[in-house]
> 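Pasting a structure below so you can have a look.
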Amino acid sequence: MLIFELSRPGRRNAAQAPAAGVEASGIPARCLRTQPLLLPEVSELDAVRHYTALSQKNYSIDTHFYPLGSCTMKYNPRVCNELAMLPQFRARHPGAPDDTGQGFLACLFELQEMLKSVTGMTQVSLAPMAGAQGEFAGVAMIRAYHDSRGDAPRGEILVPDAAHGTNPASAVMCGYTVREIATDADGNVEVAALKAAVGPRTAGLMLTNPSTLGVFERHILEIRDIVHGAGGLLYYDGANLNAILGRVTPADMGFDVIHINLHKTFSTPHGGGGPGAGPVGVNARLAPFLPLPVVGRAKDEYRLLGERDLPLSIGRLGAHLGNAGVLLRAYVYMRMLGARGMQRVADFATLNANYLMAELAKAGFEVAFPRRRASHEFIVTLKHLKEKTGVTAMDVAKRLLDKGFHAPTTYFPLLVPECLLIEPTETESKQTLDAFAAAMKEILEEARRDPQRVKSAPHATPVRRLDEVKAARELDLAWRPVNRER
Amino acid sequence: MLIFELSRPGRRNAAQAPAAGVEASGIPARCLRTQPLLLPEVSELDAVRHYTALSQKNYSIDTHFYPLGSCTMKYNPRVCNELAMLPQFRARHPGAPDDTGQGFLACLFELQEMLKSVTGMTQVSLAPMAGAQGEFAGVAMIRAYHDSRGDAPRGEILVPDAAHGTNPASAVMCGYTVREIATDADGNVEVAALKAAVGPRTAGLMLTNPSTLGVFERHILEIRDIVHGAGGLLYYDGANLNAILGRVTPADMGFDVIHINLHKTFSTPHGGGGPGAGPVGVNARLAPFLPLPVVGRAKDEYRLLGERDLPLSIGRLGAHLGNAGVLLRAYVYMRMLGARGMQRVADFATLNANYLMAELAKAGFEVAFPRRRASHEFIVTLKHLKEKTGVTAMDVAKRLLDKGFHAPTTYFPLLVPECLLIEPTETESKQTLDAFAAAMKEILEEARRDPQRVKSAPHATPVRRLDEVKAARELDLAWRPVNRER
Amino acid sequence: MPFIPHTDEDIREMLAAIGVASIERLFDEIPRELRGGALAGFPPALGEMEIARLMRGRAERDGTYLNFIGAGAYEHHIPAAVWQVATRGEFYSAYTPYQAEASQGTLQLLYEYQTMMASLVELDVTNASLYDGASALAEAVLMAVRAHRSSRKVLVPLTVHPAWRKVVRTLVRNQGIELVEVPYCSESGHTLPGALARFEGRDFAALVIPQPNFFGVLEPVDELTDWARAGGALAIATVNPTALALLKPPGKWGGRGADIAVGDGQPLGAPLAGGGPYFGFMACRRDLVRQMPGRIAGATVDAEGRRGYVLTLQAREQHIRRSRATSNICTNQGLMVAAATIYMALPGPDGLAAVARACHANTLALVSRLTAVGGVARAFSGAIFHEAVIRLPVPAAPVLNALKAQGILGGLNLAHDYSGLGHALLVCATEARSEEDLARYAEHLARIVGRRTRPAAGALKPGSKT
Amino acid sequence: MPFIPHTDEDIREMLAAIGVASIERLFDEIPRELRGGALAGFPPALGEMEIARLMRGRAERDGTYLNFIGAGAYEHHIPAAVWQVATRGEFYSAYTPYQAEASQGTLQLLYEYQTMMASLVELDVTNASLYDGASALAEAVLMAVRAHRSSRKVLVPLTVHPAWRKVVRTLVRNQGIELVEVPYCSESGHTLPGALARFEGRDFAALVIPQPNFFGVLEPVDELTDWARAGGALAIATVNPTALALLKPPGKWGGRGADIAVGDGQPLGAPLAGGGPYFGFMACRRDLVRQMPGRIAGATVDAEGRRGYVLTLQAREQHIRRSRATSNICTNQGLMVAAATIYMALPGPDGLAAVARACHANTLALVSRLTAVGGVARAFSGAIFHEAVIRLPVPAAPVLNALKAQGILGGLNLAHDYSGLGHALLVCATEARSEEDLARYAEHLARIVGRRTRPAAGALKPGSKT
Ligand SMILES: Cc1ncc(COP(=O)(O)O)c(C=O)c1O
Ligand SMILES: Cc1ncc(COP(=O)(O)O)c(C=O)c1O
């Protein structure tokens, strides 16, 4: 049932509308709306009941194990929500002067400092509103850097073929062409291919380490030297930072610029699609180009730095200062973990991933990189299962839903056939991992015994498998009242 | 799965415990606990996930139509919760001086005033923490009144046989014996029986009007005269006040003392069992006996009145001032409705009940009092259905759960066989009532066609029908670790 | 029409289906002379925005204080998860779980709560809540009298919370029950077993034993329990649930344990909230369960043999037993129990013990800071848990007022309830008080007491005040 | 270990299953010389209670102000139900709905959102959000350039929010797109169709048309849209969603409507929150849908023919199309959209229009109160929606400071972005401002401006200041 189907003409929710009788006296008639507005006319009870019922159709961290690889679906502490929503923070207008928000700015400033500490970078800007926007900002800084040195012919960004789709897309948004670098059998960047690709056109290389293949890039120092040697810069996609917190920093690995997904590593909620935050960190070379604003401090007073403070900045990425409420949540989370807690994140995320990988291998699953340690995630490939039974990675994913688990990431990275990218995160217990492994094992057995049952999954979700092809062919992107007649 | 079954020895939730290392140095060893404490050792994620999952097993107003007769399960506006939980109200210590809580006390004072306006009574105390405690307080005031006049031999309270169980139980807690009065075929008190029962031993009569039979007591004025004539007082059980808000007041009907269930009429949440609030209202005769505290005002200053102000008070009912947070919620609700909204409550609650009664009658259900208007609720009796098909009121109730509706009240009042007491409340829409009527009709047809299906309901709930007899015979009231072995 | 969904068309159709011309007509059974229902003086409706503005304004005007009052309601840290989960609509807007199959969330939670609570007190069974601690104590007294049969007298030490004693009196006196006071030792601040000697040989239904007592002092519970049991009286424990993470549970007091334990559950996740809602808990020996008031959840199986939960032993309750019920209680404090259950699950056993230890240590630290102020001393020598009575060199009321002006609530003035104690103040510092908080209190007290004692000397010269 | 559930036993068993001796060993693929990861200067852990104290203290110190700033972020009443439902764990802690069958809640909500938003703007399709209004405008510019093919120039009036113009510049300039400024009429405060004459005949990919514009003034959108379309440029509308409940929707502008509409969704249920998270919305004609950036939800059927929802047209997106995607956006502002959807459902169409009317009326009332102060006047003559530029007789900065000292944020100083406007202030009064609020502002302004103008005369005598 759609909310519109609950609607009845003339139904009013009087508690939520200002007193009637006010006229739009100052607006010329030609500017006024004459079309009816297709908002539902429902009672507050209907709305609450409807959206409560909808919510119950979701799997989420709060209800299910959610081992979605590359997404770091860890527990989102409830206190982060409560404290970010404190009345004074909630009510703060972005145009309010800095001196009316010293407490608020103190949190953001300290967040910058903690991110510097955790990554080893020299300066941080909190402006980007998600990882991809962080990538844009990072690559734009690389470009601004080369431009500032008159090094204009560098028109290429290198990206491993295992990279997340945002990497090439972000590079293109910065006006670069993208060149993909192959991956070797152990999941490392093919150094020979990289050597062949770098040159005077190379603006930089974007790298995720550990990579989206769930392994640590072993040649990182060689790669660094190759790229830097060719005059390029090294960009770190921080989506997998969870795996190395406190163990190794992007700065030590030689990266010049990074972004961090606060909605992954620092546990801000993903909200069914966002909002996130993608702060960028840079070393001293790139610091002048940071996106605005940056929170500065002088004599214990906090201030948002702007164009006058950073005249070489790549500019602004949003109308205000980024996803402030998300930043506050990350701040609270990081303060609660503290230095030791930070390190434990990587330790236990890695322990969980390697344990689950070992258990799944025991259960008969084929691990994509059996000679490697898992980072905080790992890949299982169902290529052989599919050949034998016809059961695909997607089928297994859907069947997991029936067993009360959210599915791992499927078909990413694209280079591993029939892959499941599994990331348990550190906040899940051994029992949960054991239960998941048991469910996977059951599905494997079922795939051999009764493949059709797996292929027709899910069976226990609010809807059965959905027809995505139809959705894309017969576009139905908004409800129309005429539908009521159908 | 119980939370204890998720527990693992040594699991710690560090964010929630004060720093370790503090010793209980000042406590003598013989006073210390040596027994292990059977609290679960779980992570915060496990706890959140567990209780979120449990919540989803409940039917509630926010998820289901909940026509539980006598309980007035109307929409609980979310804003009431938000405003009652404002940080300053939340943090207020009950022992804090009155001058630090003038805003808080203003709300309570105005709530008293509004309750007076709505009921016509002269004075109100907000102290009782639920309806039954209000009844206790009311009857105790009746007793104090008679005692104060030296009218001690009045040892009996009269109660119609349709009364809620709390009525007789409360009277007994006040040291009275209870005498039940029969009901006539149209649901009114049998006046002859009442006349026969009253006398010099009569302390008072407790009455719900409209009664729990869902009809307005037509002889109310005669009853009033009979009871008052015999020197007794009239007690109004306000559980059904929703039916008459703004249409007729207990004071006008001649009641001397009343209680009001804020968690029914004034929409404070029932919270799966409470808390509620049962303010009492009295006329001038009983005002000196009101339970403490009462909120007083002098020169725009609010003050909690105590023993010195009301030396004849029956005393205190709780350690502090009642369920303050509930009172604030009711206050917000009442202010949002305003005078006109108050009257509309009764109008539309009554409209809904009469409409649903008419629809169910059309659908073939037997209405218990067909010659009467429904108040805000009405009774359907399945006596004949049971005789024909073996399907009971309980079976129909359980089958409703399968259809996505909470069941009406069953087997209350006890004098109507196989009864369902149905109270839709004013916040439900016609569509919801139509859907409920349709479901009832389906069940009726099913009862005739396939009674076993109805008798074995529910089929779609988290558990099937539960064995209550076993629960009472083989008492299992707490989990024991040994159970783990079972 | 706030919260009423009816459109004009709905109303027309519904009236037609009923067969009446107007809503008015639906009230035609009400005697004409009664119709009216004035609503005199009732204020007009406010939109949500307007009521929010009103309430926020009032709340802000009230402000917040640095609080050192305990006295039965304690300011503890409440994890954010507690109320974010407890106020989920499915808990918040459900009724008492009469339809068990549609209420397994609440029922399982109650069963888990009962398990946790039974372990805290080490007694066999607990109910699903009573209104508050004070009324729970009254119910315990009634229960003891029912169980005892021969006596309607109950011994109540003066170290029991004075408001609780008042509540008990209100709730039991109409049933002819006599409450007999037991004095306390003015040096130690607790009941002396010897003080009971004078009651020896008389028939009492029960002895109430508070631990810690109202003064924060630990009672000799083993001796008191044994004394009660030896004389055939039931031992009713009133306990603080936080303290029980650290203290010997009532079920283990003396040789055979207390019979009934009650207390206020507020410390388990309920915000202070101006006095409520909190909840009362009650536990007892298994053989007393049929005398217990209130709801009880129990485990059973469903038609397919799966575990499930129901309200059980309902034959004790008013809706079945009516005038012969164990109590009139119906609606209890369910949501507070939901919060308490989540609250207890979060820190776990060690965490709750750490909270208790922190409260204890903070109160000791507070007392030592305050008694470092000249003229301020502890009133009692007995060991304490997380409250203490201190004696001031000057009347407490003006001192408290001066502290209040600094944003500090300095404790509860005992002048009214225990006038014999001198200028006494009951103070409390839970785990929510920091070192700086304690220091701030002590500094202001020193200043205020200093000022108050000095002018007192100067005041000898008449006419010198300006 | 906050949030890490592992017991010592778990760790032992897990290491054994993996076959390593320590967690340390799991990191042995990291080159030894890199291991370390210092965490220099990182503060120690705080418990939840401690961080709550810290944050509450900071929030209280910041306080709240009576706010008259708009300028792209508006203080509206947000019904309590909005965030109580939106922060339910099932919405709050879910990921982007990649597994549609396990995400029907979010997906249906997105579909409902798209329906509501499409109706607000009267365009065929909307996406499921972009980061904010400013970046949405940038995406619209990129989209227009992609769709247009022949031109990489876009006309941007100076009446577009200055910060938005900066953002567009940041986001599009690396792709060689040129933004051409269009001046505004200094009397009316909006773009004059005549001002476009100078661009006639040149090839532009798009014209941006703000309604209302940054000054709060209504633009002649019909003429501007027709001008753009006549010249082969796309018309990109930037609109305020509250205003759209009252104003002609972009889809109906001019003869054939705007092609793309974007805006910031903040007014729809997002708290001001210091600047975010808000969300950007975007809608377009159906034939442009394959150029659209961002997620889009669509309806389909399941294996049993039941209606269901999925993310669709994913081939536009980075995870499929990679370097040829319509945008790099991945994570968007989903939860804000959940809130916006609930927000729009609550007041319904009439309610939202009432909110819009109240904002409009309040701002008119504010302007008339402020301009009653001597020397204060409106800067522009054009009709406004819910913001207006007023001109002060004295510099704005010290006036704003003086107001701030009274707890009032008096508007946005335009001195930096529009220095030619004199002492200009952009003010806003939404439905959340009461009569008293307006009066309070006007009174203080009168006092402050009075004080500021008078001493200015006296200051002629040198040396007279003390
Ligand atoms: C490896 C990787 N890089 C980049 C991103 C993009 O981050 P965001 O979704 O925050 O834009 C993601 C997110 O899915 C990712 O997994
Ligand atoms: C008619 C009637 N009277 C009294 C009560 C008792 O009220 P409470 O449950 O608040 O104690 C109820 C509640 O169910 C009731 O329906």
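Since the model is a prediction, treat every value here as computed from it, not as a measurement. Both backbone and side-chain heavy atoms feed into the values below; hydrogens, waters and symmetry mates do not.
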> With a 4.5 angstrom heavy-atom cut-off, is it the side chain or the backbone of Ala91(A) that approaches chain D, or both, or neither?
both
> Is there a donor-acceptor contact under 3.5 Å from the side chain of Thr115(D) to the main chain of Ala478(A)?
no
> When you compare the side chain of Val332(A) with that of Met55(D), does any pair of heavy atoms fall below 4.5 Å?
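Met55(D) reaches Val332(A) side chain to side chain.
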> Side chain, backbone, both or neither: which part of Leu68(A) has a non-hydrogen atom closer than 4.5 Å to chain D?
side chain
> Is Gln333(D) reaching over with its side chain to a backbone N or O of Pro275(A), donor-acceptor style, under 3.5 angstrom?
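Not confirmed, Gln333(D) side chain does not pair with Pro275(A) backbone.
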> At a 4.5 Å cut-off on heavy atoms, which part of Glu359(A) comes close to chain D: side chain, backbone, both, or neither?
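Glu359(A) touches chain D through side-chain heavy atoms alone.
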> Against chain D, label Leu86(A) side chain, backbone, both or neither, depending on which of its atoms sit under 4.5 Å from a heavy atom there.
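When you check distances to chain D, only side chain atoms of Leu86(A) fall under 4.5 Å.
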> Just so I know, are the side chains of Leu466(A) and Val301(D) near enough to count as touching, which here means a heavy-atom distance under 4.5 Å?
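Of all side-chain heavy-atom pairs linking Val301(D) with Leu466(A), none is under 4.5 Å.
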> Out of curiosity, Leu272(D) CG to Arg90(A) CZ, how far, rounded to the nearest 0.5 Å?
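Here the interatomic distance stands at 9.5 Å.
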> Mind ranking Lys57(A), Arg247(A), His50(A) by heavy-atom pairs under 4.5 Å with chain D and telling me who comes out on top?
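So the answer, after comparing Lys57(A), Arg247(A), His50(A), is Arg247(A).
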> I'd like to know if the side chain of Tyr59(A) and the backbone of Ala94(D) have a donor-acceptor N/O pair within less than 3.5 Å.
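Not at all, since once roles are kept as given, no pair shorter than 3.5 Å links the two residues.
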> Measuring only between side-chain heavy atoms, which start at C-beta, is Thr312(D) closer than 4.5 Å to Leu477(A)?
yes
> When you measure from the side chain of Ser103(D) to the backbone N and O of Asn58(A), does any donor-acceptor pair fall under 3.5 Å?
no
> For residues Val463(A) and Tyr309(D), determine if any side-chain heavy atom of one lies less than 4.5 Å from a side-chain heavy atom of the other.
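Contact flag for Val463(A)/Tyr309(D) side chains = no.
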> Does a side-chain heavy-atom distance below 4.5 Å link Gln133(A) with Asn328(D)?
no
> Short question: side chain of Arg143(A), backbone of Asn174(D) - any donor-acceptor pair under 3.5 Å?
yes
> Is there a side-chain contact between Arg33(A) and Pro249(D) in this structure, where contact means two heavy atoms from C-beta onward sitting under 4.5 Å apart?
yes
> Under 3.5 Å, is there a donor-acceptor pair between the side chain of Asp62(D) and the main chain of Gly103(A)?
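Indeed, once roles are kept as given, a pair shorter than 3.5 Å links the two residues.
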> Quick check for you: to the nearest 0.5 Å, what is the distance between Leu38(A) atom CG and Leu120(D) atom CG?
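Those atoms lie 9.5 Å apart.
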> With a 4.5 angstrom heavy-atom cut-off, could you sort out which part of Pro458(A) is near chain D: side chain, backbone, both or neither?
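When you check distances to chain D, only side chain atoms of Pro458(A) fall under 4.5 Å.
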> With a 4.5 angstrom heavy-atom cut-off, which part of His164(A) approaches chain D: side chain, backbone, both or neither?
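Both backbone and side chain of His164(A) come within 4.5 Å of chain D.
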> Can you tell me which portion of Met73(A) sits under 4.5 Å from chain D's heavy atoms? Options are side chain, backbone, both or neither.
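Side chain only.
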> Which region of His263(A), side chain (C-beta onward) or backbone (N, CA, C, O), has a non-hydrogen atom less than 4.5 Å from a non-hydrogen atom of chain D, or is it both or neither?
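Just the side chain, heavy atoms under 4.5 Å.
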> Is it true that a side-chain atom of Asn354(A) and a backbone atom of Ile18(D) form a donor plus acceptor pair closer than 3.5 Å?
no
> Return the option, out of Val48(A), Thr52(A), Val178(A), with the maximum number of heavy-atom pairs under 4.5 Å with chain D.
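Option with the top pair count is Thr52(A).
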> Roughly how far, to the nearest 0.5 Å, is CG of Asn13(A) from CG of Leu346(D)?
6.0 Å
> Is there side-chain contact between Leu313(D) and Leu475(A), with heavy atoms separated by less than 4.5 Å?
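They are in contact (side-chain heavy atoms under 4.5 Å apart), so the answer is yes.
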> Below 30° counts as parallel, above 60° as perpendicular, anything between as tilted: where do the rings of His6(D) and Phe348(A) land?
tilted
> Please flag which part of Tyr51(A) lies under 4.5 Å from any non-hydrogen atom of chain D: side chain, backbone, both or neither.
both
> For the OG atom of Ser135(D) and the CZ atom of Arg316(A), what is their distance to the nearest 0.5 Å?
14.0 Å
> Backbone N or O of Arg373(A) within a donor-acceptor pair of the Glu29(D) side chain at under 3.5 Å?
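Yes; at least one donor-acceptor contact below 3.5 Å.
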> Flag the one option from Leu317(A), Asn76(A), Thr249(A) with the top tally of heavy-atom pairs under 4.5 Å to chain D.
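Of the options given, most contacts go to Leu317(A).
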> Is it the backbone or the side chain of Val221(D) that comes under 4.5 Å from a heavy atom of chain A, or both, or neither?
neither
> Sort Glu113(A) into side chain, backbone, both or neither according to what part of it lies under 4.5 angstrom from a heavy atom of chain D.
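Neither part.
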> Under a 4.5 Å heavy-atom cutoff, which of Ala472(A), Gly318(A), Ala397(A), Gly95(A) has the most pairs with chain D?
Gly318(A)
> Nearest 0.5 Å, what's the CD-CD1 distance between Glu90(D) and Ile61(A)?
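So the gap between those two atoms works out to 12.0 Å.
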> Nearest 0.5 angstrom please: Ile51(D) CD1 to Leu83(A) CG, how far?
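The distance works out to 7.0 Å.
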> Taking side chain as everything from C-beta outward and backbone as N, CA, C, O, which of these in Pro291(A) sits under 4.5 Å from a heavy atom of chain D? Side chain, backbone, both or neither.
neither
> Quick one: does any side-chain atom of Gln16(A) pair with a main-chain N or O of Pro347(D) as donor and acceptor, under 3.5 Å?
no
> Quick check on Arg11(A) against chain D: is it the side chain, the backbone, both or neither that has a heavy atom closer than 4.5 Å?
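When you check distances to chain D, no heavy atom of Arg11(A) falls under 4.5 Å.
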> Which bit of Ala358(A) comes within less than 4.5 Å of chain D, counting heavy atoms only: side chain, backbone, both or neither?
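For Ala358(A), the contact with chain D is made by the side chain alone.
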> As an exercise: rank Gly133(D), Pro349(D), Ser327(D) by heavy-atom pairs under 4.5 Å with chain A and give me the winner.
Pro349(D)
> Please confirm whether the backbone N or O of Ile3(A) pairs with a side-chain atom of Glu112(D), one donor and one acceptor, at under 3.5 Å?
yes
> If you count heavy-atom pairs under 4.5 Å with chain D, which of Pro36(A), Ala84(A), Pro77(A), Ala47(A) comes out on top?
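Sorted descending by pairs with chain D, the first entry is Pro77(A).
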> Side chain from CB out, backbone as N, CA, C, O: work out which of these in Asn261(A) comes under 4.5 Å of a heavy atom of chain D, or both, or neither.
neither
> Among Phe412(A), Tyr355(A), Tyr66(A), which has the most heavy-atom pairs under 4.5 Å with chain D?
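Most heavy-atom pairs within the cutoff with chain D belong to Tyr355(A).
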